[in-house]
Amino acid sequence: MLELDPGMMIWTWITFAIVMVILSKTALKPILQAIESRELSVKENLENAERQRLEAQALLEKHNQLLSEAENQGQKIIKENQLLAEKLRQEILERSRAESAILLEKTTREIEALKESALAELRAEVADLAIGAAEKILLENLDEARQKTVVDAYLQSLPKTMNN
Amino acid sequence: MINLEHTAAAADTAIAQNENIGTWIGHHLQNSNEWHLPGLHLHLPHFHPVNLFGVQVDLSITNHVVMLVLAGLFIILLFRLALGKIRPYPRGVGALVEMLVVFIRDEVAIANMGEKEGRRFTPLLITYFFFILTANLMGLIPLFSTATGNISVTAAMALITFFATQLFGIMESGPVGYYKNLVPHGVPWYLWPLMFVIEIMGLIAKHVALTIRLFANMTAGHIVLFAFLGLIIIFKSYLVSPVSIGFAIFVYFLELLVAFIQAYIFTVLSALFIGMSVHPEH
């Protein structure tokens, strides 16, 4: 069992050599090349993916920054507008208050003037009436009863319009 | 099943010819000029020994030669099959073959020989691995025999490694440089002759160990396997068969593992030896 058989050894060499030559020429070369090119492409793809990931991350960061900036700006604009609106409101309020005060004063003054003129008119009328009544009395020179009827009649004759 | 048939047939012949179990086991492990197939006894061609440089060489096509050729054909077929389906991504049988190829390239060749030499010797190492693995596994298939259980085959394989180490070592550093590098640096000059002899012996011992390791591993498992089955004949009782077959199945799976491990070890050690001879500084 432990004897070396040269014939067997030679056959082993022949078989091994033929298998190795055929294998390396027809199969191993293309397989190893394919594996290598695939490894290369996988490596490249991984590198590309890594680079793109980094780019995407940078882009995302930039976008986030822009977004937050825009938000800040928006907030600022809203605040400004709020302030402006508040100011405007106050101004309008102030102005309308002032206007209404002016109007009120003017109206009051007018009413006062009207009242004054009405009183003056009334006073003149009353004076006229008294003068008229005294005139009648003086003209007629009548007794008391007679005077009374005269005044009454006079008063009766006055136009109703004076009542208001 | 076939083992059982074999066992039954062998039991008959053993009883008829008064053969003992030892010769029966030996008969199964040894090379022969026949190939027993079911219902067919192939008588393989027998040639007269030729005288080659004073050595009688029997170049008959024996059973183990057939096994080796079949193993070779199987590997070529396997690689053609894997090659026919090269896609951008591995799949099916191709994926398995590629996985093993990449494993041997990266973990065996490049790991033991360096980037440049590893790539150069990858085809040799892949052929080693697949050839030995297929021959090992064929021994586990009924009707086939274990060519790697023949010491001539393992010796021939180890000699390929030996010649590769010498050839590529000499090609790398020249004949004088190569044999000078066998002795480690820093050895005093008066120890040099002794160290040189020791290193040469070590060189031979390494390859003899390579031969014996594969041969012994492949033979031992089969001896144990047949011995367990032979127990049935020794005891002449079928009551032993559950135990025998149970152990035989266990040993069979162990052999399956050993087939892979030995193919791997042979490849790794070959890579290591060739790597050492082309990188003398190690």
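Proteins come first, then strands; the chains are lettered A, B, ... in the order of their sequence lines, and each starts at number 1. The basis for the numbers below is simple: all heavy atoms, side chains too, and nothing from hydrogens, waters or symmetry mates.
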Query raised in the report: Who among B:V97, B:T122, B:I126 has the most heavy-atom pairs with chain A under 4.5 Å?
Result: B:I126
Where does [X] contact chain A at under 4.5 Å (heavy atoms): side chain, backbone, both or neither?
X: B:V101; answer: side chain
X: B:Y128; answer: both
X: B:I76; answer: both

Query - Closest non-hydrogen atom pair between B:S152 and A:M9, with its separation - result: O-CG, 3.2 Å
Query - For B:V108 against B:N112, the heavy-atom pair lying closest together - result: O-ND2, 3.0 Å
Query - Criterion side-chain hydrogen bond (donor to acceptor under 3.5 Å, both in side chains) on B:S277 and B:T165, from CA distance to verdict - result: CA-CA 6 Å; B:S277 73; B:T165 58; 5.1 Å; no
Query raised in the report: So, does A:S24 use its side chain to make a donor-acceptor pair with the main chain of A:V21 at under 3.5 Å?
Result: yes
